[in-house]
S.K.: 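Attaching a single structure in structure tokens format; questions to follow.
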Amino acid sequence: ISKLKSKEGRVIVVGGSMGGYAAIILGAWCGANYVFASGVELKLKLAGGISRDLLNGPFVAPDLYSIMENSKTKFILAAGENNPTDMYSLSLAAKMRCANIELISLKLLGHSLPPYLQATYGYKKIITDVLTTGTVDILEGTGDLFNFPEICELLQTLNEIRAGDTRLTDGVVSKLQRISKETANPDARAHAYNGLSQCFHVLGMKDKSVAMAKAATRCAPMNWRFLDQYTRTLLSANQPAAAVGVAETSLHLQKVNLGNIDPFTPILYAKALRQADRLIDAINFSAQILKESPSNVLWELLTELLEDAK
């Protein structure tokens, strides 16, 4: 790569998720001009993070923040606002205020950005954009959730709560309630409401969970992740007819805005159909989705549905 740089003049290292992690290290090490990394867990083994499941046993991770801060490489880091762990990583980078670190958050996306970026823009165009202008100007639907460090930290704490540490719930609820009232940013407020819905769900307060999930969808009606949380709360509150409608909206928005569907949304929709006594519709839908995109979880659900049909 060093030889390529001396020959071509400019080098960019690109990667997503664990590949983005490697891109940061490799780009800094070889003195690349640019690194474009998406969906990177800059801090490993956090609750809710993929690395926590993949890295077993002792593992000493390099400090990526220090590596970037002390490098002459320009790092362009992109993350989806629907992934709390990735956004927490980005918010910590924002606190550094380093001139060589540029942050991009995409409102409607989660962890896996490369398939979306390739299908929507093409990596060739993204790379050309960076090498020509020094940034990525072509991306649409960007936000600034990383500039709200408190809410990013609270959403990461929610991962700890979902992992079983419910002692943290009270403190998180009071802080999210304050943010939902004080912030003028609709996206940040929507994430606060969504977080409150998850907290109330853990506490068994179903009506409040439903109300907060609904409030989140009103603040950010195009965000399918909030619609999916709303569906979960409605199912928990035994309101399957409403859950079916919300899940259908989520499926539609994902097809239109993303071009693909999160694998868990069809499962929610099938469960809603089942709970609404539309067993045959649930079976037909699950079978159709399995033809298009195999899923072990959906296959297990389809097996249960067929048993119910007997």
Side-chain angles (χ1 to χ4, degrees), residues 12-117 123 126 130 134-136 139 142-163 187-188 191 195 225:
I12 179 173
V13 183
V14 179
S17 191
M18 67 175 67
Y21 193 94
I24 292 172
I25 296 173
L26 182 60
W29 176 66
C30 72
N33 300 88
Y34 303 100
V35 167
F36 179 71
S38 61
V40 182
E41 292 180 24
L42 299 174
K43 288 179 71 71
L44 297 181
K45 304 183 78 170
L46 293 173
I50 295 176
S51 63
R52 188 160 182 166
D53 296 325
L54 296 177
L55 297 174
N56 296 317
F59 178 81
V60 179
D63 183 351
L64 293 194
Y65 296 99
S66 177
I67 289 174
M68 291 188 293
E69 186 177 22
N70 295 298
S71 173
K72 295 181 179 180
T73 297
K74 178 173 181 179
F75 299 90
I76 303 173
L77 310 179
E81 292 193 354
N82 282 337
N83 186 285
T85 304
D86 291 351
M87 287 310 303
Y88 178 58
S89 291
L90 230 59
S91 71
L92 293 178
K95 287 183 178 181
M96 295 167 61
R97 302 188 181 278
C98 292
N100 66 324
I101 299 178
E102 178 182 347
L103 305 178
I104 301 171
S105 66
L106 296 166
K107 292 183 180 181
L108 302 181
L109 299 173
H111 176 72
S112 185
L113 298 187
Y116 169 81
L117 295 174
Y123 267 96
I126 291 173
V130 174
T135 186
V136 186
L139 301 184
T142 58
D144 64 344
L145 188 61
F146 55 80
N147 284 324
F148 296 83
E150 184 181 19
I151 191 168
C152 288
E153 183 177 353
L154 289 170
L155 294 175
Q156 175 56 38
T157 304
L158 276 172
N159 283 335
E160 300 284 353
I161 293 172
R162 285 193 293 270
D187 293 308
H191 279 281
R225 183 73 77 180

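Note that the structure is a prediction, hence the values are computed from the model and not measured.
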S.K.: Could you go through the side-chain contact (heavy atoms from CB on, under 4.5 Å) check for N33 and I12 one step at a time?
M.R.: CA-CA 6 Å; N33 300 88; I12 179 173; over 6 Å; no
S.K.: When you measure from the side chain of Y116 to the backbone N and O of G110, does any donor-acceptor pair fall under 3.5 Å?
M.R.: no
S.K.: Rounded to the nearest 0.5 Å, what separation is found between the CD1 atom of I76 and the OH atom of Y34?
M.R.: 7.5 Å
S.K.: May I ask you to test the L42-L77 pair for a side-chain heavy-atom distance under 4.5 Å?
M.R.: yes
S.K.: Using every non-hydrogen atom in the two residues, find where K95 and P149 come nearest and quote the distance to one decimal.
M.R.: CE-CB, 3.6 Å
S.K.: Test side-chain contact (heavy atoms from CB on, under 4.5 Å) on K74 and V35 and set out the steps.
M.R.: CA-CA 6 Å; K74 178 173 181 179; V35 167; over 6 Å; no
S.K.: Please round to the nearest 0.5 Å and tell me the distance separating atom CD1 of I25 and atom SG of C30.
M.R.: 12.0 Å
S.K.: Indicate yes or no: at least one non-hydrogen side-chain atom of S17 is less than 4.5 angstrom from one of S112.
M.R.: no
S.K.: I need the L90 CG to N83 CG distance, nearest 0.5 Å.
M.R.: 10.5 Å
S.K.: Rounded to the nearest 0.5 Å, what separation is found between the CG atom of L155 and the CG atom of N82?
M.R.: 10.5 Å
S.K.: Does the D63 side chain pair with the main chain of S66, one donor and one acceptor, at a distance under 3.5 Å?
M.R.: yes
S.K.: Just so I know, are the side chains of L26 and W29 near enough to count as touching, which here means a heavy-atom distance under 4.5 Å?
M.R.: yes
S.K.: Run the side-chain contact (heavy atoms from CB on, under 4.5 Å) test on T142 and L106 for me, step by step, so that the C-alpha distance in whole Å, both residues' side-chain angles and the decisive distance to 0.1 Å come before the verdict.
M.R.: CA-CA 4 Å; T142 58; L106 296 166; 3.8 Å; yes
S.K.: Is the closest side-chain heavy-atom distance between M68 and C98 below 4.5 Å?
M.R.: no
S.K.: Is it true that the side chains of E81 and S105 contain a donor and an acceptor less than 3.5 Å apart?
M.R.: yes
S.K.: Decide yes or no for L117 and F36: does some side-chain heavy atom of the first lie under 4.5 Å from some side-chain heavy atom of the second?
M.R.: yes
S.K.: Look up atom CG in L145 and atom OH in Y88, then write down how far apart they are to the nearest 0.5 Å.
M.R.: 14.0 Å
S.K.: Strictly distance-based, threshold 3.5 Å: is any side-chain N or O of T73 a donor or acceptor partner for the main-chain N or O of A32?
M.R.: yes
S.K.: With no hydrogens and no angle check, is any side-chain donor or acceptor of N100 less than 3.5 Å from a backbone partner on S71?
M.R.: yes
S.K.: Show the nearest heavy-atom pair for residues G15 and A23, with the distance to one decimal.
M.R.: N-CB, 4.0 Å
S.K.: Please report the shortest heavy-atom distance between F146 and M87, naming the atom on each side.
M.R.: N-CE, 3.5 Å
S.K.: Rounded to the nearest 0.5 Å, how far apart are CG of L103 and CG of D144?
M.R.: 11.0 Å
S.K.: Show the nearest heavy-atom pair for residues S89 and Y65, with the distance to one decimal.
M.R.: O-OH, 3.0 Å
